[in-house]
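Step one of this worksheet: look at the structure below.
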Amino acid sequence: MASILIRVQPLSMTSNSPKLDRSSSRGLVNLVSPHHRNRIRGPSISCKLQGNKDFAVPRRNVLALILAGCILSRANIQNLAYAQSVVFREYIDTFDGYSLKYPQNWIQVRGAGADIFFRDPYVLDENLSVDISSPSSSRYKSVEDLGSPDEAGKKVLRQYLTEFMSTRLGVRRESSILSTSSRVADDGRLYYQVEVNIKSYANNNELAVMPQERVVRLEWDRRYLSVLGVENNRLYELRIQTPEKTFSEEENDIREVMDSFRVNKVAV
(Lines give C-alpha, C1' and ligand atoms only; values in the text may rest on other atoms or scores of the structure.)
Protein backbone atom coordinates (compact mmCIF):
# COMPACT_ATOMS: atom_id res chain seq x y z
CA MET A 1 0.00 0.00 0.00
CA ALA A 2 1.40 3.42 -0.93
CA SER A 3 2.00 5.80 1.93
CA ILE A 4 3.24 9.33 2.53
CA LEU A 5 6.42 10.49 4.20
CA ILE A 6 6.11 13.80 6.00
CA ARG A 7 9.00 16.18 6.61
CA VAL A 8 8.27 19.30 8.66
CA GLN A 9 10.77 22.14 8.58
CA PRO A 10 11.14 24.48 11.60
CA LEU A 11 9.48 27.86 11.53
CA SER A 12 11.46 30.67 9.94
CA MET A 13 11.19 34.28 11.00
CA THR A 14 11.37 37.57 9.16
CA SER A 15 11.73 40.91 10.87
CA ASN A 16 9.31 43.08 8.93
CA SER A 17 6.11 42.27 10.82
CA PRO A 18 4.23 45.03 12.64
CA LYS A 19 4.34 45.01 16.44
CA LEU A 20 1.55 43.76 18.62
CA ASP A 21 0.57 46.51 21.03
CA ARG A 22 -1.45 46.40 24.21
CA SER A 23 -4.84 47.64 23.12
CA SER A 24 -6.20 47.94 26.64
CA SER A 25 -5.65 46.66 30.13
CA ARG A 26 -7.94 43.72 29.26
CA GLY A 27 -7.32 43.48 25.57
CA LEU A 28 -4.68 41.78 23.48
CA VAL A 29 -1.47 41.78 25.49
CA ASN A 30 1.88 42.02 23.78
CA LEU A 31 4.21 39.82 25.74
CA VAL A 32 6.51 38.70 22.91
CA SER A 33 10.04 40.05 23.19
CA PRO A 34 11.08 42.63 20.56
CA HIS A 35 13.41 40.33 18.64
CA HIS A 36 10.55 37.79 18.25
CA ARG A 37 7.99 40.32 16.98
CA ASN A 38 8.12 39.14 13.43
CA ARG A 39 6.20 37.38 10.75
CA ILE A 40 5.64 33.68 11.16
CA ARG A 41 5.74 31.53 8.07
CA GLY A 42 3.97 28.21 8.29
CA PRO A 43 6.01 25.04 8.38
CA SER A 44 7.35 23.76 5.08
CA ILE A 45 6.00 20.27 4.36
CA SER A 46 7.36 17.96 1.69
CA CYS A 47 5.73 14.68 0.82
CA LYS A 48 6.72 11.79 -1.41
CA LEU A 49 5.49 8.30 -1.93
CA GLN A 50 7.54 5.53 -0.37
CA GLY A 51 7.56 1.92 -1.38
CA ASN A 52 9.30 0.77 1.77
CA LYS A 53 6.65 0.06 4.41
CA ASP A 54 9.21 0.14 7.23
CA PHE A 55 9.45 3.95 6.94
CA ALA A 56 6.00 4.62 5.58
CA VAL A 57 3.35 6.74 7.24
CA PRO A 58 -0.24 5.54 6.73
CA ARG A 59 -2.43 8.04 4.95
CA ARG A 60 -4.87 8.17 7.84
CA ASN A 61 -2.10 9.57 10.08
CA VAL A 62 -1.08 12.36 7.72
CA LEU A 63 -3.53 14.93 9.06
CA ALA A 64 -2.63 14.14 12.65
CA LEU A 65 1.06 14.55 11.91
CA ILE A 66 0.53 17.85 10.12
CA LEU A 67 -1.50 19.25 13.01
CA ALA A 68 1.04 18.03 15.55
CA GLY A 69 3.84 19.61 13.56
CA CYS A 70 2.06 22.94 13.41
CA ILE A 71 1.38 22.92 17.13
CA LEU A 72 4.94 21.97 18.05
CA SER A 73 6.44 24.48 15.64
CA ARG A 74 4.56 27.25 17.40
CA ALA A 75 5.48 26.15 20.90
CA ASN A 76 8.16 28.83 21.11
CA ILE A 77 5.61 31.62 20.66
CA GLN A 78 4.41 32.14 24.21
CA ASN A 79 3.03 34.83 26.51
CA LEU A 80 0.43 36.02 24.01
CA ALA A 81 -2.88 36.34 25.85
CA TYR A 82 -6.37 37.49 25.10
CA ALA A 83 -8.53 38.99 27.82
CA GLN A 84 -12.17 39.87 27.51
CA SER A 85 -13.03 43.47 28.32
CA VAL A 86 -15.67 43.99 30.97
CA VAL A 87 -18.80 45.70 29.69
CA PHE A 88 -21.01 47.53 32.16
CA ARG A 89 -24.73 48.13 32.26
CA GLU A 90 -26.40 50.94 34.14
CA TYR A 91 -29.07 50.18 36.70
CA ILE A 92 -31.39 53.09 37.55
CA ASP A 93 -33.98 52.88 40.31
CA THR A 94 -36.20 55.93 39.91
CA PHE A 95 -38.58 54.77 42.65
CA ASP A 96 -36.00 54.55 45.45
CA GLY A 97 -33.59 57.07 43.96
CA TYR A 98 -30.18 55.61 43.08
CA SER A 99 -28.17 54.35 40.12
CA LEU A 100 -25.02 52.34 39.51
CA LYS A 101 -23.09 50.39 36.90
CA TYR A 102 -22.58 46.64 37.09
CA PRO A 103 -20.90 44.01 34.85
CA GLN A 104 -23.41 42.99 32.21
CA ASN A 105 -22.78 39.27 32.68
CA TRP A 106 -23.73 39.43 36.37
CA ILE A 107 -27.16 38.07 37.18
CA GLN A 108 -29.81 39.56 39.41
CA VAL A 109 -30.85 37.50 42.42
CA ARG A 110 -34.30 38.21 43.78
CA GLY A 111 -35.30 37.63 47.36
CA ALA A 112 -31.78 38.20 48.69
CA GLY A 113 -32.95 40.69 51.30
CA ALA A 114 -31.37 43.77 49.71
CA ASP A 115 -33.08 46.37 47.55
CA ILE A 116 -31.09 45.05 44.58
CA PHE A 117 -28.60 42.18 44.37
CA PHE A 118 -26.29 41.09 41.54
CA ARG A 119 -23.70 38.32 41.59
CA ASP A 120 -20.99 36.96 39.34
CA PRO A 121 -22.26 33.75 37.69
CA TYR A 122 -18.79 32.18 37.84
CA VAL A 123 -17.23 33.55 41.03
CA LEU A 124 -20.10 32.87 43.41
CA ASP A 125 -18.34 34.67 46.25
CA GLU A 126 -18.46 37.94 44.32
CA ASN A 127 -21.57 40.11 44.42
CA LEU A 128 -22.95 43.58 44.94
CA SER A 129 -26.07 44.89 46.61
CA VAL A 130 -27.74 48.11 47.72
CA ASP A 131 -29.28 48.61 51.15
CA ILE A 132 -31.49 51.57 52.02
CA SER A 133 -32.57 52.71 55.46
CA SER A 134 -36.26 52.80 56.22
CA PRO A 135 -37.88 56.17 55.44
CA SER A 136 -40.02 55.94 58.57
CA SER A 137 -37.14 55.35 61.01
CA SER A 138 -34.36 57.51 59.58
CA ARG A 139 -34.05 61.24 58.95
CA TYR A 140 -30.58 61.62 57.49
CA LYS A 141 -29.58 65.04 56.20
CA SER A 142 -26.03 64.17 55.14
CA VAL A 143 -23.65 61.25 55.20
CA GLU A 144 -21.77 63.27 57.81
CA ASP A 145 -24.53 62.27 60.22
CA LEU A 146 -22.52 59.04 60.54
CA GLY A 147 -19.56 61.01 61.85
CA SER A 148 -16.16 61.07 60.18
CA PRO A 149 -15.20 58.47 57.55
CA ASP A 150 -13.26 56.59 60.24
CA GLU A 151 -16.29 56.51 62.52
CA ALA A 152 -18.46 55.37 59.62
CA GLY A 153 -15.93 52.63 58.87
CA LYS A 154 -16.23 51.27 62.40
CA LYS A 155 -20.01 51.18 62.10
CA VAL A 156 -19.83 49.40 58.75
CA LEU A 157 -17.45 46.76 60.09
CA ARG A 158 -19.57 46.26 63.20
CA GLN A 159 -22.63 45.71 61.01
CA TYR A 160 -20.82 43.13 58.87
CA LEU A 161 -19.64 41.20 61.94
CA THR A 162 -23.16 41.21 63.35
CA GLU A 163 -24.52 39.77 60.13
CA PHE A 164 -21.83 37.07 60.01
CA MET A 165 -22.26 36.03 63.63
CA SER A 166 -22.24 32.25 63.85
CA THR A 167 -23.44 29.82 66.49
CA ARG A 168 -21.14 27.05 65.27
CA LEU A 169 -18.52 25.84 67.70
CA GLY A 170 -14.94 26.75 66.93
CA VAL A 171 -15.73 29.56 64.47
CA ARG A 172 -13.51 32.62 64.74
CA ARG A 173 -13.54 35.82 62.72
CA GLU A 174 -10.66 38.20 62.13
CA SER A 175 -11.42 41.65 60.76
CA SER A 176 -9.70 44.92 59.97
CA ILE A 177 -10.54 48.26 58.40
CA LEU A 178 -8.35 48.67 55.32
CA SER A 179 -9.29 52.22 54.34
CA THR A 180 -11.87 54.97 54.79
CA SER A 181 -12.28 58.06 52.64
CA SER A 182 -14.73 60.68 51.45
CA ARG A 183 -15.28 62.27 48.05
CA VAL A 184 -17.57 64.74 46.37
CA ALA A 185 -18.92 63.24 43.15
CA ASP A 186 -19.91 65.05 39.98
CA ASP A 187 -23.47 65.35 41.33
CA GLY A 188 -22.17 67.58 44.13
CA ARG A 189 -23.02 65.08 46.86
CA LEU A 190 -20.66 63.78 49.52
CA TYR A 191 -19.97 60.04 49.64
CA TYR A 192 -18.02 57.91 52.11
CA GLN A 193 -16.05 54.85 51.01
CA VAL A 194 -15.09 52.05 53.40
CA GLU A 195 -13.03 48.92 52.76
CA VAL A 196 -12.73 46.10 55.29
CA ASN A 197 -11.29 42.60 55.32
CA ILE A 198 -12.88 39.71 57.15
CA LYS A 199 -11.45 36.21 57.53
CA SER A 200 -13.39 33.25 58.87
CA TYR A 201 -11.66 30.33 60.61
CA ALA A 202 -13.22 27.09 61.82
CA ASN A 203 -12.12 23.83 63.39
CA ASN A 204 -12.28 20.77 61.19
CA ASN A 205 -13.59 18.76 64.15
CA GLU A 206 -15.26 21.09 66.64
CA LEU A 207 -16.53 18.21 68.79
CA ALA A 208 -13.10 16.66 69.30
CA VAL A 209 -11.97 16.28 72.92
CA MET A 210 -8.22 16.61 72.39
CA PRO A 211 -6.91 20.02 71.24
CA GLN A 212 -4.58 18.41 68.68
CA GLU A 213 -7.62 16.92 66.98
CA ARG A 214 -9.16 20.35 66.44
CA VAL A 215 -7.28 21.79 63.46
CA VAL A 216 -8.15 25.37 62.59
CA ARG A 217 -8.54 26.10 58.89
CA LEU A 218 -9.34 29.20 56.89
CA GLU A 219 -12.90 29.05 55.55
CA TRP A 220 -12.88 32.26 53.52
CA ASP A 221 -11.01 35.52 53.15
CA ARG A 222 -13.04 38.39 51.68
CA ARG A 223 -12.90 42.09 51.05
CA TYR A 224 -16.00 44.19 51.58
CA LEU A 225 -16.29 47.61 50.00
CA SER A 226 -19.04 50.08 50.84
CA VAL A 227 -20.10 53.41 49.37
CA LEU A 228 -22.40 55.47 51.56
CA GLY A 229 -24.60 58.37 50.45
CA VAL A 230 -27.62 60.25 51.74
CA GLU A 231 -30.64 61.58 49.88
CA ASN A 232 -34.41 61.68 50.48
CA ASN A 233 -33.65 61.56 54.25
CA ARG A 234 -32.38 58.00 53.76
CA LEU A 235 -28.99 56.33 53.99
CA TYR A 236 -27.95 54.41 50.88
CA GLU A 237 -25.17 51.82 50.98
CA LEU A 238 -23.62 50.09 47.98
CA ARG A 239 -21.97 46.87 49.13
CA ILE A 240 -19.46 44.87 47.12
CA GLN A 241 -18.09 41.51 48.22
CA THR A 242 -15.11 39.86 46.54
CA PRO A 243 -12.58 37.16 47.49
CA GLU A 244 -9.35 38.73 48.66
CA LYS A 245 -7.30 36.48 46.39
CA THR A 246 -8.95 37.87 43.24
CA PHE A 247 -9.32 41.48 44.31
CA SER A 248 -6.09 42.72 42.72
CA GLU A 249 -7.12 41.27 39.35
CA GLU A 250 -10.54 42.91 39.39
CA GLU A 251 -9.81 46.07 41.35
CA ASN A 252 -10.21 48.44 38.39
CA ASP A 253 -13.65 47.05 37.58
CA ILE A 254 -14.71 47.18 41.22
CA ARG A 255 -13.53 50.79 41.49
CA GLU A 256 -15.56 51.70 38.42
CA VAL A 257 -18.69 50.25 40.01
CA MET A 258 -18.02 52.15 43.22
CA ASP A 259 -17.39 55.43 41.41
CA SER A 260 -20.63 55.03 39.45
CA PHE A 261 -22.89 54.87 42.50
CA ARG A 262 -25.21 57.89 42.79
CA VAL A 263 -28.16 58.77 44.99
CA ASN A 264 -30.93 60.80 43.38
CA LYS A 265 -33.79 62.94 44.50
CA VAL A 266 -37.14 61.19 44.33
CA ALA A 267 -40.11 63.18 43.12
CA VAL A 268 -42.86 63.25 45.70
(request) List the steps and the verdict of salt bridge (charged side-chain N to carboxylate O under 4.0 Å, His left out) for R139 and D145. (result) CA-CA 10 Å; R139 303 297 296 177; D145 291 347; over 6 Å; no
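- When all heavy atoms are compared, the tightest approach of S134 to R234 is C-NE, 4.4 Å.
- Taking the six-membered ring for Trp and thresholds of 30 and 60 degrees, Y98 and Y91 have ring planes inclined between 30 and 60 degrees apart.
- By the 4.5 Å side-chain criterion applied to Ile, Leu, Val, Met, Phe, Trp and Tyr, I92 is assigned to no cluster and stands alone.
- Taking every heavy atom of both residues into account, R217 and N203 meet most closely at NH1-O, 3.3 Å.
- Counting Ile, Leu, Val, Met, Phe, Trp and Tyr side chains that sit under 4.5 Å apart, directly or through other members, Y160 shares a hydrophobic cluster with Y140, V143, L146, V156, L157, L161, F164, I177, V184, L190, Y192, V194, V196, I198, W220, Y224, L228, V230, L235.
- D131 is linked by a salt bridge (charged side-chain N to carboxylate O under 4.0 Å, His left out) to R239, counting only residues two or more places apart in sequence or in another chain.
- There is a side-chain donor-acceptor pair under 3.5 Å between E244 and N197.
- Judged as a salt bridge (charged side-chain N to carboxylate O under 4.0 Å, His left out), and not counting sequence neighbours, the contacts of E219 are R168.
- In this model, a donor atom of one side chain and an acceptor atom of the other lie less than 3.5 Å apart for S200 and R173.
- Nearest heavy-atom pair across G97 and Y236 is O-CE2, 3.6 Å.
- Closest heavy-atom contact between D93 and F95: OD1-N, 3.0 Å.
- When the side chain to side chain donor-acceptor pair (under 3.5 Å) test is applied to D96, no partner is found at least two apart in sequence or on another chain.
- The nearest pair of heavy atoms linking K265 to R189 is N-NH2, 3.8 Å.
- Under the salt bridge (charged side-chain N to carboxylate O under 4.0 Å, His left out) criterion, R255 pairs with E195, E251, not counting sequence neighbours.
- Smallest separation of non-hydrogen atoms from D125 and P243: CB-CG, 3.7 Å.
- In the displayed structure, K245 atom NZ is contacted under 6.0 Å by at most 12 heavy atoms of other residues, nucleotides or ligands.
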